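Beneath this line is the structure, given in C-alpha cells, with notes to follow.
Everything numeric in this text was worked out from a predicted model, so none of it was measured.
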Amino acid sequence: MDQHFQVRIRSVFSYAVRLVDMYTRGAPFRSSLSVRLANHPQVPVCKGDGWYIFSDLPDGIYTLNISSREYMDRSVTFSVITGSTSYSERIIYLHPSPAYPFRAGDSLVRGRACVEDGSPAGSAYVQAVISYERDAPVKLAEDAAKEATELIVASKKGQVDLADAFLLETPTCKGTIIRFASPPKGRVYPLTEPLSFAYPRGTVLLPLLETNCDDRGEFVVALPLFLEKTHACMKIEVWREEAAGFAELSIQASTTQSIGIIQMNRPK
C-alpha cells in the first residue's frame with residue numbers, strides 16, 4: 001500500500017521592502033533590477049507591486065543592495081532580531097538614471113557634472129529646486145510657527161505625495177527642507193521634523209527634486225507631471241564632498257533640455 005505524507009514547511013517572516021519608481025510612483029521596471037543582500041545568499045521573493053520579502057534570516061545586520069540600468073543604485077541597512085524587525089526602510093524610492101525609458105513628451109533636464117580637473121563627478125548629489133513666476137500649486141493655508149510639527153497646506157494638485165520634498169523660503173526666512181511623515185488628515189500634513197523657522201500663510205512650497213550623477217557624471221531631473229503647465233524656473237546644485245556647482249534655467253514643458261556641463265569647484 002502506498003503511503004502518502006503531508007509535509008508543511010513553515011517560514012518565518014524576516015523583512016519586507018517595497019520599491020517604488022520615484023517618477024511614476026508605481027512598481028519599478030524589473031528587466032534589469034537586482035535586489036540582493038551583500039552578506040547573505042538568500043534571494044527575496046517578489047510579491048508584485050514592488051514588494052520583496054525575506055524570510056528565515058538569522059539575527060543580524062544586513063545590507064540590501066539595489067541596482068538597475070534604469071535607476072540609480074541604492075543600499076540600505078536593516079536589522080533582524082527574533083520577534084522584532086526594523087521597518088525603517090520599508091519603502092524605498094528609486095530615482096531614474098540617465099538610461100531610464102522616459103516617454104516622448106516627458107519634461108526632462110539633463111546635464112553632466114565634472115570636477116576641477118575635468119573628470120566626471122560620479123555619485124555627486126544633485127538637488128533641483130523649482131520656483132514659480134506665477135500660479136504656485138502648493139502653498140501654506142495657515143501660518144506655521146517655529147517648531148511646528150504639522151502644516152496646513154492648500155494644493156491645486158490634490159493630495160501631496162509623501163515622496164515629495166519641498167523647500168520653504170521667504171525673503172526674510174531662511175530656507176527649510178521639509179518632508180511629510182504620514183498621510184494627511186484633511187489638509188493637515190505631519191512633518192518628519194519640526195520647523196526651524198516660522199513661515200506666514202501663503203508661503204510657497206517649492207518642489208525639491210533629488211538624484212545623483214552616474215559614473216560618467218551624467219544626471220537627469222524629471223519634472224513632476226503637475227508642473228506641465230506651470231511657468232517656473234529651476235535652480236540646480238551639484239556637490240560632492242567640498243566641491244559644488246550651480247546652474248539655472250527656465251522650465252519648458254514637454255521637452256528635454258540640456259544644461260551641458262556643470263563645473264564643480266572647491267571653495268577658495
Side-chain angles (χ1 to χ4, degrees), residues 17-27 49-50 74 76 86-96 106-107 109 125-211 221-237 248-254:
V17 62
R18 185 188 179 198
L19 305 182
V20 177
D21 184 312
M22 188 67 184
Y23 186 58
T24 66
R25 305 300 164 92
D49 199 27
R74 289 289 308 273
V76 295
S86 170
Y87 293 97
S88 59
E89 295 290 349
R90 189 163 185 170
I91 297 180
I92 299 175
Y93 294 96
L94 301 180
H95 293 272
D106 284 348
S107 302
V109 176
Y125 174 70
V126 181
Q127 182 183 89
V129 176
I130 298 170
S131 58
Y132 305 91
E133 299 174 18
R134 59 180 184 271
D135 302 327
V138 186
K139 299 181 180 179
L140 292 184
E142 300 291 343
D143 292 346
K146 182 179 179 180
E147 301 297 330
T149 57
E150 59 187 25
L151 299 180
I152 301 176
V153 171
S155 174
K156 294 180 181 178
K157 76 188 234 10
Q159 184 169 306
V160 177
D161 197 298
L162 294 184
D164 292 331
F166 294 92
L167 179 69
L168 284 177
E169 193 171 54
T170 71
T172 58
C173 296
K174 215 171 177 184
T176 300
I177 295 174
I178 61 168
R179 304 175 195 275
F180 298 118
S182 59
K185 295 181 179 179
R187 294 190 299 170
V188 180
Y189 287 79
L191 296 171
T192 56
E193 297 180 6
L195 288 182
S196 300
F197 305 93
Y199 292 91
R201 176 181 178 180
T203 298
V204 173
L205 278 68
L206 304 177
L208 186 148
L209 311 174
E210 301 165 293
T211 188
V221 177
L223 274 64
L225 298 178
F226 69 85
L227 291 175
E228 287 292 334
K229 298 181 180 179
T230 300
H231 298 277
C233 298
M234 177 184 290
K235 180 178 180 181
I236 297 175
E237 298 184 29
E248 292 187 61
L249 70 156
S250 295
I251 291 173
Q252 298 177 21
S254 304

Please give me the minimum heavy-atom distance between V221 and A128, naming the atom from each residue. CG1-CB, 4.1 Å
Surrounding CZ of R201 (heavy atoms of other residues, nucleotides or ligands, distance under 6.0 Å), is the total greater than 12? no
Residues two or more places apart in sequence or in another chain: which of them pass salt bridge (charged side-chain N to carboxylate O under 4.0 Å, His left out) with D143? none
Side chains of Y23 and D106, heavy atoms from C-beta outward: is any pair under 4.5 Å? yes
Which atom of C233 lies closest to which atom of S250, heavy atoms considered: SG-OG, 4.1 Å
May I ask you to test the L151-F180 pair for a side-chain heavy-atom distance under 4.5 Å? yes
Can you list the residues that meet the side-chain hydrogen bond (donor to acceptor under 3.5 Å, both in side chains) rule with E210, with sequence neighbours excluded? Y125, R179
Spatial distance of atom CG (L208) from atom CG (D164) [nearest 0.5 Å]: 10.0 Å
Which value, rounded to the nearest 0.5 Å, describes the distance between I236 atom CD1 and L249 atom CG? 5.5 Å
All N/O donor-acceptor pairs, side-chain side in residues 182-191, below 3.5 Å, sequence neighbours left out:
from	atom 1	to	atom 2	distance (Å)
Y189	OH	V160	N	2.9

Under the side-chain hydrogen bond (donor to acceptor under 3.5 Å, both in side chains) test, residues paired with T176 that sit two or more places apart: Y199
Return the minimal non-hydrogen interatomic distance between L209 and M234, and the atom names on each side. CD1-CE, 4.5 Å
Side-chain contact, heavy-atom cut-off 4.5 Å: K139 with V153? no
Closer than 3.5 angstrom, by distance alone: can the side chain of R74 be matched with the main-chain N or O of Y93 as a donor-acceptor pair? yes
With sequence neighbours excluded, residues passing side chain to side chain contact (heavy atoms under 4.5 Å, CB included) with E193: none
Residues passing the side chain to side chain contact (heavy atoms under 4.5 Å, CB included) test with T24, sequence neighbours excluded, are D21, Y100
Counting only N and O atoms by type, is there a donor-acceptor contact under 3.5 Å from the side chain of R18 to the main-chain atoms of D49? yes
CZ (F197) and CG (L168) are apart, to the nearest 0.5 Å, by 11.0 Å
